[in-house]
Amino acid sequence: MPGKLKVKIVAGRHLPVMDRASDLTDAFVEVKFGNTTFKTDVYLKSLNPQWNSEWFKFEVDDEDLQDEPLQITVLDHDTYSANDAIGKVYIDIDPLLYSEAATVISGWFPIYDTIHGIRGEINVIVKVDLFNDLNRFRQSSCGVKFFCTTSIPKCYRAVIIHGFVEELVVNEDPEYQWIDRIRTPRASNEARQRLISLMSGELQRKIGLKVLEMRGNAVVGYLQCFDLEGESGLVVRAIGTACTLDKLSSPAAFLPACNSPSKEMKEIPFNEDPNPNTHSSGPSTPLKNQTYSFSPSKSYSRQSSSSDTDLSLTPKTGMGSGSAGKEGGPFKALLRQQTQSALEQREFPFFTLTAFPPGFLMHVGGVVSARSVKLLDRIHNPDEPETRDAWWAEIRQEIKSHAKALGCHAVVGYSESTSICEEVCILSASGTAAVLNPRFLQDGTVEGCLEQRLEENLPAGCGFCHIPYDELNMPFPAHLTYCYNCRKQKVPDVLFTTIDLPIDATVIGKGCLIQARLCRLKKKAQAEANATAISNLLPFMEYEVHTQLMNKLKLKGMNALFGLRIQITVGENMLMGLASATGVYLAALPTPGGIQIAGKTPNDGSYEQHISHMQKKINDTIAKNKELYEINPPDISEEIIGSPIPEPRQRSRLLRSQSESSDEVTELDLSHGKKDAFVLEIDDTDAMEDVHSLLTDVPPPSGFYSCNTEIMPGINNWTSEIQMFTSVRVIRLSSLNLTNQALNKNFNDLCENLLKSLYFKLRSMIPCCLCHVNFTVSLPEDELIQVTVTAVAITFDKNQALQTTKTHVEKSLQRVSTDNEELLQFPLELCSDSLPSHPFPPAKEHLESASSNSGIPAAQRAVTVEKASPMGEGNFRNRSTPPCANSTVGVVKMTPLSFIPGAKITKYLGIINMFFIRETTSLREEGGVSGFLHAFIAEVFAMVRAHVAALGGNAVVSYIMKQCVFMENPNKNQAQCLINVSGDAVVFVRESELEVLSTQQPTANCQPSCPGGEVTT
Amino acid sequence: MTSELDIFVGNTTLIDEDVYRLWLDGYSVSDAVALRVRSGILEQTGATAAVLQSDTMDHYRTFHMLERLLHAPPKLLHQLIFQIPPSRQALLIERYYAFDEAFVREVLGKKLSKGTKKDLDDISTKTGITLKSCRRQFDNFKRVFKVVEEMRGSLVDNIQQHFLLSDRLARDYAAIVFFANNRFETGKKKLQYLSFGDFAYCAELMIQNWTLGAVDSQVDDMDMDLDKEFLQDLKELKMLVADKDLLDLHKSLVCTALRGKLGVFSEMEANFKNLSRGLVNVAAKLTHNKDVRDLFVDLVEKFVEPCRSDHWPLSDVRLFLNQYSASVHSLDGFRHQALWDRYMGTLRGCLLRLYHD
């Protein structure tokens, strides 16, 4: 029995009036954990009760501590009838279970009711006393840290990046149980919330166990999702990257596991040129995706059962997941023989990270993706409970083989998603095929890597662009040239990836958000027929999405996409495709050719004229975009580059495979290689419209930039003003005009108008950049399209921006690399993080106390002169808005990014993973659907902020709204919405305050780990 | 294609000051959109009307949700749902409780009851302020009144504490509450030339000197109700005009002191007895509620109008009133000096403020 959970209920405020007669409330509180319940006294006749209860103590074992949420229910005492519930608070105890995070949860929590929303607040203090020693602890998965952030968290150093961990848990959805017919909506919602909370706790614990098995101590890039499969059940699944992290201020790696293999690893020379010649069968890049398997699966368990990959799937190779683990001996031997293929021995060499320590990423092959259509069968089959696991395993295998075909042994920026409509489910997975530096995966001391990078003399800023596959035996036709940066290695003409822009990449100009949008009508069908229809449509959609992306990229005059995310959504009578990515101009890649329009009937004079008019418009747009995004690559004549075999300007025609050509489905050629110019053939009205829509995409108003990656290339002078937001739109299509074209137009308009609205709303922040723009499409009903956007707007200093616009390659090279470093802080954290609070080494307690004083931004603290501030000079000039420190409610920042501009994250307090249901039976009274959802999302934000504040944090980073399922029934005046959000609760300190702090502190203790002298501390 | 649902929620609640003003002014969404279009915002930002419509709807929805909290401003500070910087919170509150001069003049001194609320239609038509805005302003007055009535301590402080208003606005509300409580008549035609500021100034003087709070700070409603005892005592002043010798003596004292200093000396001399009778009679009548209500009407009738018809300049009025008040101290037969000062000190201030065109 390793833990004692202690809870104290202090007070309530702003409670609702529960007794109409007195206009007051007789409130008391029930505190429940597991099967134990305590009650406070009834505090009579008050809307601001002061319970000041004793400490309620729960003696529980660690498994429960991880799985169960603390459940606090506020009730109104009623002498004669049943007590009325006012609302509930669920508190996740997990952050208290690892010593580096929060030590106490204390603060005001909104009291939430699924029918009425937030009804007042309650002040609670929660503590956990752990009796057990560390060893005992390690047997359970309690000590494992979880991070949503998809890069190595700021105040940690990656000792080893172990690799992929996954798990899924299945249960029956309470909403579809028979009992739901007789219980109230409130009871049903609460059952669901509680179940999901339990399931995610269980899932996290199981993932933690896997991490411990791999000898890791953390999961980075943890992504947990819910599949609401309706009557067939509820699936909670999660993926992540197991790592061994080291808190930066403690110099020695404390994990013994990494010692023995590491020494050996250092001696093995890294073979830079991998050997992938056997994988030429794969048909295409940069986007490679061919899995359209459709398997009507009849086997499925409705029981609550958790899949266990270790049993069912994993260790066929004998390697399992523990790369540097117990099997270190044989593993070592293997590595000697086959260094670079170390990863291939893993079942799934996948990484959910999107940004990496320097030197980790060697080469990038391109995007790999796989989709599969499955039938959620209702037949109860307890004999085969691992169906879902098998499905995902299948897809992961597919991804792995795609990566191999690209000559890559790993997949980075990996993610998985589903789209469900009735009993059909599309499973999708995508990532970026890559070659990684294997040292990192076993030994991985950052210093070692840095050294190695120097040894190998890998040209910084272009290495990752060099093709990993064999030039003579290419897996697909591509147009290769020598790298425009180092002129030594070959590079492709375009590069698509799902990761963030590597920190050392050389970029010219600024980037921009590029979206491809597509709808396809589909006949309504049942079961297998439906699944088959979807399977048949998918390749066409992928193809068109890809074509659109390519066209738009060229129209912007850019040559690479980062953060690519393609979402295919299934509805009853249509499929939607939405791809978002950030386009950039990589200096290492060749200048993209223009877009050529070819007419079908060249004899017709007026038609010719029209074509040439269009062509002119396109050329103008490209020129304008180049100016807008400041893309001025230096002119390098072809000879100097030494272009391999200058080919004749052969314009290979791009076939628009619309209809019958079914043989193309399997061998889909998405490459547009071997040509200088991109040819659009206008042979039907469709194509015309595509060209039109290309040209009608309006650029953001001046002063605005947007991207869906963490950082915007070319902007480095962020101010501290950030605004995270969520915007939701639902449109109803009139059923009359349901043609593909009309649909496309509607969808396109929806997205464009939404962006326009965002630009308008945030106009006061100009000059500003929308970062991490994340669009999600769903089709809640026949004629409804729902688009949800979450992003963060960050203001930057315009004066600085102007200075840096005069781009010269040299300058931009330098600038980009430095600013990226600044933002990602990989090199920085080495030295500066020894400063901020680190609770472990007792010797540095004075440091900790000093920094904890500054944990909350103090308004009165002077903004010091930015001498060599790591965030670039002068970015505090814009700090005109006073910090809201003197408010009674502490400010909690939220951002989808992994960092906070102008601030340093000093502590990670734990993962926030919350699931809420809100339902109403008085939709009109609550302001209709907009009023209902507006209030709900505001409430969700409030609850997230309250939890972070109670943990002692002042921000949530890597915040994501993973699900926003909205259903309405206006006729019945009803609506229901489910929202799932997650993120990392952190403590940050403003750079300016850090400087003040650092001048007070002796700088000696942070010097040893400083890689360079340029950093302040 | 119709938008079923369209929302924007920021972690920091976005407040557009212009839209807030339109909302406070009671414009419907479509009117507000039209007004924003006319302001030229579309040209400035390159936005479309649809964007403006969506933006306006969003803000209106936010304001609607905030309104509940604005009814009890401390709640706005402590609530967790909307993250709003303190400066913005202050702005929201201040603007919400701000009122139109035209409107306040219509209801000042009226009972804040359902009956008055019914008249808001007429007020709206008369002033051109939307009915919605009239209702908000009226409800604000009533809400503040309800909260601070029967409360101890300074009226201004109480208002500030419970509604977090700026000092200036809190003083204005104190005046409104004071007027509503004592039901001073302000709507008569001859009072139309007076601004809210004039009345608020008088209210402040009266609160400081004539209420219970002026003598005892530990009673309920101390700043709202006039000191009944004081009003009773004011009857004693009557001898200043009833006693002929006293009146003559008073007049001669004033005339001697002001001879050669006053441009309108002869008019003053001729009118002294009338003016003095007027001012003293006002005091003596204040025991009746009805006469309290008519205080301002009486002051204008009995003092402001006669002086104005003789074209007294303001400086002469000031000289006269100073001398008129001070000379009483030299009247040996008059014992109520303190009472006189408490009365006349305030009245002199009021009269000087009321004396304009």
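The figures that follow rest on heavy atoms only: side chains count, while hydrogens, waters and symmetry mates do not.
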message: Does any backbone or side-chain atom of A/Leu754 lie under 4.5 Å from a heavy atom of chain B? Answer side chain, backbone, both or neither.
response: neither
query: Any side-chain donor paired with an acceptor under 3.5 Å for B/Thr13 and B/Arg88?
result: no
Side chain, backbone, both or neither of B/Asp16 within contact of chain A (heavy atoms, under 4.5 Å): side chain
message: Using a 3.5 Å distance criterion without hydrogens, assess whether the side chain of A/Glu721 forms a donor-acceptor pair with backbone atoms of A/Met765.
response: no
message: Quick check for you: among A/Arg763, A/Glu939, A/Arg945, which has the greatest number of heavy-atom pairs under 4.5 Å with chain B?
response: A/Arg945
field: Atom group of A/Glu968 that falls short of 4.5 Å from chain B, counting heavy atoms
entry: side chain
field: Under 3.5 Å: donor-acceptor pair, side chain of A/Asn748, backbone of A/Asn744
entry: no
query: Do the side-chain N and O atoms of B/Arg143 and B/Tyr97 include a donor-acceptor pair separated by under 3.5 angstrom?
result: yes
Top of A/Ala793, A/Gly120, A/Ala949, A/Ser727 for chain B proximity - count of heavy-atom pairs under 4.5 angstrom: A/Ser727
query: For A/Val787, is it the side chain, the backbone, both, or neither that has a heavy atom closer than 4.5 Å to a heavy atom of chain B?
result: neither
- prompt: Which region of A/Ile785, side chain (C-beta onward) or backbone (N, CA, C, O), has a non-hydrogen atom less than 4.5 Å from a non-hydrogen atom of chain B, or is it both or neither?
  reply: neither
Pair B/Asp58 + B/Arg61, salt bridge at N-O below 4.0 Å: yes
query: Distance only, no hydrogens: is a donor on one side chain within 3.5 Å (strictly under) of an acceptor on the other, for B/Asp100 and B/Gln137?
result: yes
query: Where does A/Leu933 contact chain B at under 4.5 Å (heavy atoms): side chain, backbone, both or neither?
result: both
query: Does CE belonging to B/Met57 count more than 12 external heavy atoms closer than 6.0 Å?
result: no
- request: Just give me the residue among A/Trp108, A/Phe760, A/Phe941 that pairs up with chain B most often, heavy atom to heavy atom, under 4.5 Å.
  value: A/Phe760
message: Which residue in the set B/Phe141, B/Phe163, B/Phe145 passes ring pair (Phe, Tyr, Trp, His ring centres under 6.0 Å) when paired with B/Tyr173?
response: B/Phe141
message: Less than 4.5 Å to any heavy atom of chain B: does that hold for the side chain of A/Tyr759, its backbone, both, or neither?
response: neither
task: Report the relative orientation of the aromatic rings in B/Tyr60 and B/Trp23; use parallel for angles under 30°, tilted for 30 to 60°, perpendicular for over 60°.
output: perpendicular
field: Contacting moiety of A/His934, where chain B heavy atoms sit under 4.5 Å
entry: both
Between B/Gly46, B/Ala72, B/Ser54, the one whose heavy-atom pairs under 4.5 Å with chain A are most numerous: B/Ser54
query: Who wins among B/Thr48, B/Thr45, B/Thr62, B/Ile81 for the most heavy-atom pairs under 4.5 Å with chain A?
result: B/Ile81
statement: Of A/Met724, A/Lys761, A/Met894, the largest count of non-hydrogen pairs under 4.5 angstrom with chain B goes to A/Lys761
